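Predicted model only: the values in this text are computed from it and were never measured. In this chain, residues are counted from 1 in sequence order.
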Amino acid sequence: MALTLDDKLVVAISSRALFNLEEENRLFDAGDDKAYMQLQFDRLDVPAKPGVAFSLVQKLLAFNDDGVKRVEVVMLSRNDPVSGMRIFRSGKANNLQLERGVFTQGRAPFGYLRALGAHLFLSANEKDVRDALALGFPAARVLTESTQAGSNYPNEVRIAFDGDAVLFSDEAEQVYQRDGLPAFQQHEIDKASVPLPDGPFKPLLAALHRLQKASTPHMRIRTALVTARSAPAHERAILTLMDWHIEVDEAMFLGGLPKGEFLREFEPDFFFDDQTGHVNSAAQHVPAGHVSSGVSNPAN
């Protein structure tokens, strides 16, 4: 029987999202490929320090600790193969079981998401994220300046999602931006019993839900919906999740309050939002990623 990843949660992640490679990346961005490759080679046995998405990956891989492989993390990077050697060695030094990787030496790697059947793509490259979203894959640009995850919940993967344009489509957000809050509220009251269309991150939430059901005694998942919606618009969000037969553990309907401090209390390993203001606020407290989708993120 051919090897397949079909029965696993598949996370594709770039080197900079997983490890702190900002110093090295300055050479890469400057276009000095030879100097960059030489620096990575010189540091081959110097483990890179954990980056913004490290805690998320570490905890997800812990679902495999009983010998049953439920999660696959694949490096998907614009790095060159020499730098890829350092990434794998850094993974081993940090007790991450990384087995697979694609290193494209500057070429856009997002096309390989199809071959992987990825449920999530995390990268520090905005264009790669936009292209992945356009292909229908949940993807987010990691804010490398984000605060790293806390350590209070070692046996829980904690993930927080915005609602509109992330879990749900931006149908309602379009009404809000075009016609204002009263029109948005009335729109949601009128359509309270009509489930919202799927957003780009529904496939990830569904995959996490399946993984949550298969939780091992030593690891579980806790999810949160953190949205600017408030009553009465909250009902449509809840009823949509019920229609999907997917539960979230916590829901925060903040009515426009800044999300950062609420996220600080929840302590997620990662937070996803489509609006840069919310993401920048969140990044001061927790690991955060920008989802370049919906009316708030027009194509360039």
Side-chain angles (χ1 to χ4, degrees), residues 4-14 17 53 56-57 59-61 63 69-76 100 102 109-123 126 128-142 157-173 195-215 220-227 236-251 268-274 279 287-294 296-297:
T4 177
L5 302 180
D6 290 347
D7 58 342
K8 299 172 180 61
L9 172 70
V10 179
V11 176
I13 187 167
S14 74
L56 175 65
V57 167
K59 289 183 179 181
L60 284 173
L61 285 173
F63 275 90
K69 198 143 191 182
R70 302 176 179 89
V71 177
E72 181 76 32
V73 175
V74 181
M75 301 306 305
L76 190 57
R100 295 178 173 86
V102 177
F110 66 87
Y112 293 106
L113 294 169
R114 283 183 293 235
L116 292 169
H119 298 100
L120 176 64
F121 176 48
L122 293 175
S123 173
E126 182 174 359
D128 286 349
V129 166
R130 282 184 177 271
D131 289 339
L133 285 164
L135 287 176
F137 292 96
R141 177 179 62 84
V142 172
V157 179
R158 293 189 157 220
I159 303 179
F161 300 90
D162 179 33
D164 297 284
V166 179
L167 289 183
F168 317 125
S169 82
D170 70 334
E171 170 198 290
E173 181 67 23
L196 283 155
D198 299 356
F201 270 67
K202 184 198 172 180
L204 174 60
L205 184 64
L208 289 170
H209 187 66
R210 292 191 295 271
L211 183 61
Q212 189 172 32
K213 286 186 174 181
S215 293
R220 71 177 305 276
I221 293 172
R222 189 168 187 85
T223 55
L225 169 64
V226 184
T227 173
R236 193 178 184 198
I238 295 173
L239 291 171
T240 297
L241 292 170
M242 292 174 67
D243 182 73
W244 293 349
H245 303 289
I246 295 176
E247 298 176 358
V248 294
D249 297 287
E250 299 189 23
D269 295 291
F270 217 86
F271 169 62
F272 300 99
D273 200 297
D274 69 300
V279 173
H290 179 230
V291 180
S292 307
S293 70
S296 296
N297 297 282

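Side-chain N or O atoms of D170 include none that pairs as donor or acceptor with a backbone N or O of S293 at under 3.5 Å. Put simply, the side chain of T240 gets close to the backbone of L196: a donor and an acceptor are under 3.5 Å apart. A donor-acceptor pair is defined here as one N or O able to donate and one able to accept, closer than 3.5 Å; such a pair exists between the side chain of D269 and the backbone of R158. A donor-acceptor pair under 3.5 Å is absent between the side-chain atoms of D249 and the main chain of A224, judged by distance alone. Looking only at distances, no side-chain donor or acceptor of H290 sits under 3.5 Å from a matching main-chain atom of D273. With hydrogens and angles ignored, the 3.5 Å screen pairs a side-chain donor or acceptor of H119 with a backbone N or O of V10.
Taking CD from E250 and OG1 from T223, the interatomic distance works out to 8.5 Å, rounded to the nearest 0.5 Å. Interatomic distance, K69 NZ to L61 CG, rounded to the nearest 0.5 Å: 8.0 Å. Taking CZ of R141 as the start and CG of L133 as the end, the distance is 12.0 Å to the nearest 0.5 Å. Atoms CE and CZ, from M75 and R100 in turn, are 14.0 Å apart once rounded to the nearest 0.5 Å. Taking CG of L208 as the start and CD1 of I246 as the end, the distance is 9.5 Å to the nearest 0.5 Å. Atom NE2 of H209 is separated from atom CD1 of I221 by 10.5 Å, given to the nearest 0.5 angstrom.
Using cut-offs of 30° and 60° on the angle between ring planes, the pair F168 and W244 is tilted.
Scored by the side chain to side chain contact (heavy atoms under 4.5 Å, CB included) test, P203 finds P138 as partners (sequence neighbours excluded). Considering only residues two or more places apart in sequence or on other chains, A134 meets the side chain to side chain contact (heavy atoms under 4.5 Å, CB included) condition with none of them. Qualifying side chain to side chain contact (heavy atoms under 4.5 Å, CB included) partners for P109, counting only residues two or more places apart in sequence or in other chains: L76, R78, T104, D128.
For the residue pair G294 and A165, the shortest heavy atom distance occurs at CA-CB, 4.4 Å. Between V73 and I13 the shortest heavy-atom distance is CG1-CG2, 3.9 Å. Looking at every heavy atom in both residues, T227 comes nearest to G163 through CB-N, 4.3 Å. Taking every heavy atom of both residues into account, P195 and R236 meet most closely at O-NH2, 3.8 Å. Contact record, A12 with A118: CB-CB, 4.3 Å, taken as the closest heavy-atom pair.
Residues M242 and L239 meet the side-chain proximity criterion, which asks for heavy atoms closer than 4.5 Å. Within the 4.5 Å cutoff, the side chain of F270 has heavy atoms near those of the L122 side chain. Inter-residue side-chain proximity for L204 and F161 is flagged as met; some heavy-atom pair is nearer than 4.5 Å.
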Is there a side-chain contact (heavy atoms from CB on, under 4.5 Å) between F63 and V157 once you walk through the steps? CA-CA 10 Å; F63 275 90; V157 179; 3.7 Å; yes
List the steps, then state whether side-chain contact (heavy atoms from CB on, under 4.5 Å) holds for V11 with E72. CA-CA 6 Å; V11 176; E72 181 76 32; over 6 Å; no
Run the numbers on F121 and F110 for ring-ring contact (aromatic ring centres under 6.0 Å, His included), then give the verdict. CA-CA 8 Å; F121 176 48; F110 66 87; 8.1 Å; no
Go through the steps for R210 and L9 under the test side-chain contact (heavy atoms from CB on, under 4.5 Å), then give the verdict. CA-CA 9 Å; R210 292 191 295 271; L9 172 70; over 6 Å; no
Show your reasoning for whether side-chain contact (heavy atoms from CB on, under 4.5 Å) applies to L60 and L211. CA-CA 10 Å; L60 284 173; L211 183 61; 4.2 Å; yes
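Screening L205, V291, L167 against F272 for a side-chain contact (heavy atoms from CB on, under 4.5 Å) leaves a single residue, V291.
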